[in-house]
Enquirer: 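The structure under discussion is supplied below as structure tokens; questions concerning it will follow.
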Amino acid sequence: MLLYYAAGSYVVSSIILCLCPTLLYKKKHVKFPSRFMAHRGGGGEKTENTMVSFTEAKRLNADVFELDVQLTKDGEVIVCHDDNLSRVCGVNENISEHNLKTLPLCLKEMEVACEPGDFLKTDRQEPLLRLEDLYREFPDVPMQIDVKPGGMDLISKVSDLTKQYDREGITVWGAFSHKTTKICRKYNPNMLTFCSMLECAAYPLLFVVGLLPWIPIDAEFYNVPIANISNKSGFLSTYPKWFCHLITPIMCNGALLAHLEKRGVRTGSWVLNHHHEFQTSDDWGFHGTMTDYPTRFVKYEQDHAKKTK
């Protein structure tokens with residue numbers, strides 16, 4: 001009988017904390033919008049992770065720039081997803097083997113990272129970009145930085161630049177790796193962080209069994225793929241389709257997203273590039289969407305606004 005009372009108490013208290021999480025934890029406060037996130041600046045429309053893509057994203061009023069950083073041999077923080085330059089520059093060499101001045105230009109034609117079969121074609125080759133130049137050009141634009149493998153040197157340099165340009169409150173960082181994300185949080189607790197992939201997997205499972213309302217959440221952003229859409233590229237493409245369909249309603253559970261938002265954790269989906277995908281993200285209840293095609297998302301928002309009038 002005691003076991004039944006204990007189980008009942010646990011269920012009831014978990015439901016209460018799920019609905020009213022601030023009874024146990026102080027709500028986080030992210031001070032900028034994150035509805036519209038430009039993935040690598042919008043690599044489906046301009047050369048990814050370059051000044052031209054971020055300039056276009058700014059023109060389209062993207063709320064957040066998403067980008068990746070690598071470290072050159074001479075210690076410069078470069079905005080680029082790949083260490084190896086084959087895909088981006090057509091050269092089978094690593095950024096970590098180059099000094100800033102020897103980095104090659106980006107290709108004029110490049111496959112869109114999260115949209116296999118789509119190719120971006122441009123009239124000119126763009127140079128790779130330093131994080132410092134991006135900070136200087138867009139001092140007030142929130143940015144989400146994916147810290148690629150580069151050790152403490154890369155982490156410390158990103159932190160120092162963020163402090164130097166007085167933007168700790170509008171800069172989100174972290175990594176796919178849970179270890180790297182934890183180091184980022186410890187190294188500069190004044191910067192915001194997004195969930196590591198381990199946290200993205202663990203939090204939905206903890207929510208299902210009623211434990212998440214009891215557990216502190218370190219991240220300010222829960223950005224996850226909608227697996228049955230995002231499995232066309234990236235690491236999810238290595239998993240069977242049935243698995244991606246299975247985990248989608250767990251990771252994208254509307255009640256989970258609502259609980260996280262009540263705790264001040266922003267929710268977002270990545271990387272979506274078509275109107276029906278944007279609609280799916282909204283249907284699940286995500287706060288924000290990350291896209292390679294900023295113009296498509298702006299058009300979706302305009303069409304959606306017309307329908308709701």
Enquirer: Between Gln279 and Asp283, do the side chains contain a donor N or O and an acceptor N or O under 3.5 Å apart?
Expert: yes
Enquirer: Return the orientation label for the Phe65 and Phe138 ring planes: parallel under 30°, perpendicular over 60°, tilted otherwise.
Expert: perpendicular
Enquirer: Would Asp303 and Lys299 pass as an ion pair if we require N to O under 4.0 Å?
Expert: yes
Enquirer: Taking the basic N atoms (NZ, or NE/NH1/NH2) and the acidic carboxylate oxygens, is any pair closer than 4.0 Å for Arg35 and Asp282?
Expert: yes
Enquirer: Consider only side-chain N and O atoms of Asn99 and Thr72, and report whether a donor and an acceptor are under 3.5 Å apart.
Expert: no
Enquirer: Quick one: do the Ser96 and Gln70 side chains pair a donor with an acceptor below 3.5 Å?
Expert: no
Enquirer: Could you give the distance from CE (Met251) to CG (Leu205), rounded to the nearest 0.5 Å?
Expert: 9.0 Å
Enquirer: Where do Pro213 and Tyr25 come nearest, in terms of heavy atoms and distance?
Expert: O-CE1, 3.6 Å
Enquirer: Taking the side chain as C-beta and beyond, is there a heavy-atom pair between Met197 and Phe235 under 4.5 Å?
Expert: yes
Enquirer: Run the ring pair (Phe, Tyr, Trp, His ring centres under 6.0 Å) test on Tyr203 and Tyr222 for me, step by step, so that the C-alpha distance in whole Å, both residues' side-chain angles and the decisive distance to 0.1 Å come before the verdict.
Expert: CA-CA 9 Å; Tyr203 291 158; Tyr222 174 80; 7.0 Å; no
Enquirer: Does Leu105 share a hydrophobic cluster with Val79, counting links as ILVMFWY side-chain heavy atoms below 4.5 Å and allowing steps through other members?
Expert: no
Enquirer: Checking salt bridge (charged side-chain N to carboxylate O under 4.0 Å, His left out) for the pair Asp160/Lys157: CA distance, chi angles, key distance, verdict?
Expert: CA-CA 5 Å; Asp160 290 346; Lys157 286 178 182 293; over 6 Å; no
Enquirer: Between Glu277 and Arg296, does at least one N-O distance fall below 4.0 Å, as a salt bridge requires?
Expert: no
Enquirer: Specify the closest pair of heavy atoms between Asn223 and Met290, including all atoms of both residues, with the distance to one decimal.
Expert: ND2-CE, 4.5 Å
Enquirer: Salt bridge or not for Arg185 and Glu199, using N-O below 4.0 Å?
Expert: yes
Enquirer: Please give me the minimum heavy-atom distance between Trp284 and Pro249, naming the atom from each residue.
Expert: CH2-CA, 3.7 Å
Enquirer: Just by distance, with hydrogens left out, do Trp214 and Ser14 show a side-chain donor and acceptor under 3.5 Å apart?
Expert: yes
Enquirer: Just checking, any donor-acceptor pair under 3.5 angstrom between side chains of Ser269 and Ser281?
Expert: yes
Enquirer: In terms of ring plane angle, is the pair His275 and Phe278 parallel, tilted or perpendicular, where the classes change at 30° and 60°?
Expert: tilted
Enquirer: Under 30°, 30 to 60°, or over 60°: which ring-plane class applies to Tyr300 and Phe297, parallel, tilted or perpendicular?
Expert: tilted
